Number of protein chains: 2
Amino acid sequence: MHTDAGIVLRALADPSRRAIFERLARAEAPVKDLTAQFDISQPAVSQHLAALRSAGLVSERREGRLVYYRVAPQGLRPLVDWLAHYRSFWSERVERLDALLEELDE
Amino acid sequence: MHTDAGIVLRALADPSRRAIFERLARAEAPVKDLTAQFDISQPAVSQHLAALRSAGLVSERREGRLVYYRVAPQGLRPLVDWLAHYRSFWSERVERLDALLEELDE
DNA sequence: ACCATGTATAAGTGTAGGCTTATGCATAGT
DNA sequence: ACTATGCATAAGCCTACACTTATACATGGT
């Protein structure tokens, strides 16, 4: 099937981690920039990045002493797939709603 | 926006809660059925349902002593909207989900 | 070689939250 | 009226985890 959406959900559930992810979605950044931007310590940032990384949501690129992180767009796939799994359910609801509206027309 | 994506993400991050949500997505059910199905106590189920409810993900319907819960599909909208922000990564799939949810609103 | 800078990991702490049992409150059945 | 059933809340426990400080490891600059 598909990889577990739970891992992605759990990674994005934390506000700090989600904020970092959203920040990286705008542009890649080294850890020091993130540390300067958010009001948590550098180790906290690194720990969040490690969590995002093991969830497949970010990737890293080393350049000298700096480690640039950027979002890994395909990391959101399990979540989107999980949501798409309810497509049939939604369609059912829509169809039932359509049926109800047809009944009201008569 | 009534609820933001963080509340929805947090509600769905817990495995038990997500399992209950997925179970309710197949069909509505009273609390006693959920309690029988999952290996946690009845209060635990009620607490998860309360969390899902305050996240806008389920609604309840009372019938005698039974309280039937069912998913509130529009509760997923904040999450879909949040994902829609990454439309550049996910254009085709997210837009389909978006279109479905807009249908539901009408 | 030395020191500063950038990052990751280790170790410890405090708190949020998911679980339990106990209890109270409706409703249904007899 | 009494009892049983279904559910929600209260209170307490306990684990997970998001933080901290301390430290180790690279790399760059002088």
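Quick caveat, the model's predicted, so the values are computed rather than measured. Side chains included, hydrogens not; waters and symmetry mates left out as well; all remaining heavy atoms used.
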Selection: residues 51-65 of chain A, any non-hydrogen atom under 4.0 Å of DNA chain C: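 A/Arg65, in order of number.
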Which of residues 27-36 of chain B have a heavy atom under 4.0 Å from DNA chain C?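 Heavy-atom cutoff 4.0 Å gives no residues at all.
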So which of residues 42-49 of chain B are in contact with DNA chain D, with a heavy-atom cut-off of under 4.0 Å?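 The answer is B/Gln42, B/Pro43, B/Ser46, B/Gln47.
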Taking the nucleotide of DNA chain D with the nearest heavy atom to each, does B/Tyr69 or A/Ser16 sit closer to the 5' end?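 Residue closer to the 5' terminus by nearest nucleotide: B/Tyr69.
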[X] side, atom [atom1]; [Y] side, atom [atom2] - distance, nearest 0.5 Å:
| X | Y | atom1 | atom2 | value |
| --- | --- | --- | --- | --- |
| A/Leu49 | A/Phe21 | CG | CZ | 12.0 Å |
| A/Gln47 | A/Ser16 | CD | OG | 11.5 Å |
| A/Leu57 | A/Gln74 | CG | CD | 9.5 Å |
| A/Tyr69 | A/Arg61 | OH | CZ | 12.5 Å |
| B/Gln42 | B/Lys32 | CD | NZ | 12.5 Å |
| A/Ser59 | A/Leu24 | OG | CG | 9.5 Å |

Give a yes or no on whether B/Arg23 atom CZ has more than 12 heavy-atom contacts from other residues, nucleotides or ligands under 6.0 Å away.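 Yes, the 6.0 Å shell around CZ holds more than 12 heavy atoms from other groups.
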Please check: side-chain N/O of B/Arg18 versus main-chain N/O of B/Leu12, any donor-acceptor pairing under 3.5 Å?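 Side chain of B/Arg18 to backbone of B/Leu12, a donor-acceptor pair under 3.5 Å: yes, one is there.
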Is the backbone of B/Ala11 close enough, under 3.5 Å, to the side chain of B/Arg17 for a donor and an acceptor to pair up by distance?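 At least one qualifying donor-acceptor pair exists.
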Less than 4.5 Å apart, any side-chain heavy atom of B/Ser46 and any of B/Val31?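 Yes, side chains in contact.
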Going 5' to 3' along DNA chain C, between which two nucleotides do contacts with chain B fall, using a heavy-atom cut-off of 4.0 Å?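 Going 5' to 3' along DNA chain C, contacts run C/dG17 to C/dA28.
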Go through the structure and list residues passing salt bridge (charged side-chain N to carboxylate O under 4.0 Å, His left out) with A/Glu22, not counting sequence neighbours.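 A/Glu22 satisfies salt bridge (charged side-chain N to carboxylate O under 4.0 Å, His left out) with no residue once adjacent residues are dropped.
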Partner residues of A/Asp14 under the salt bridge (charged side-chain N to carboxylate O under 4.0 Å, His left out) criterion, sequence neighbours left out: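 Per chain and number, A/Asp14 pairs via salt bridge (charged side-chain N to carboxylate O under 4.0 Å, His left out) with no residue.
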NA contact type, A/Tyr68, heavy-atom cut-off 4.0 Å: base, sugar-phosphate, or nothing?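 It contacts nothing in the nucleic acid.
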On the nucleotide D/dA16, are OP1 or OP2 found under 4.0 Å from the side-chain N or O atoms that A/Arg10 carries?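 Negative; the distance criterion is not met.
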What about B/Leu52 and B/Val67, same hydrophobic cluster or not, with Ile/Leu/Val/Met/Phe/Trp/Tyr joined at side-chain heavy-atom distances under 4.5 Å?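 Yes, it is one cluster - the side chains of B/Leu52 and B/Val67 are joined through contacts under 4.5 Å.
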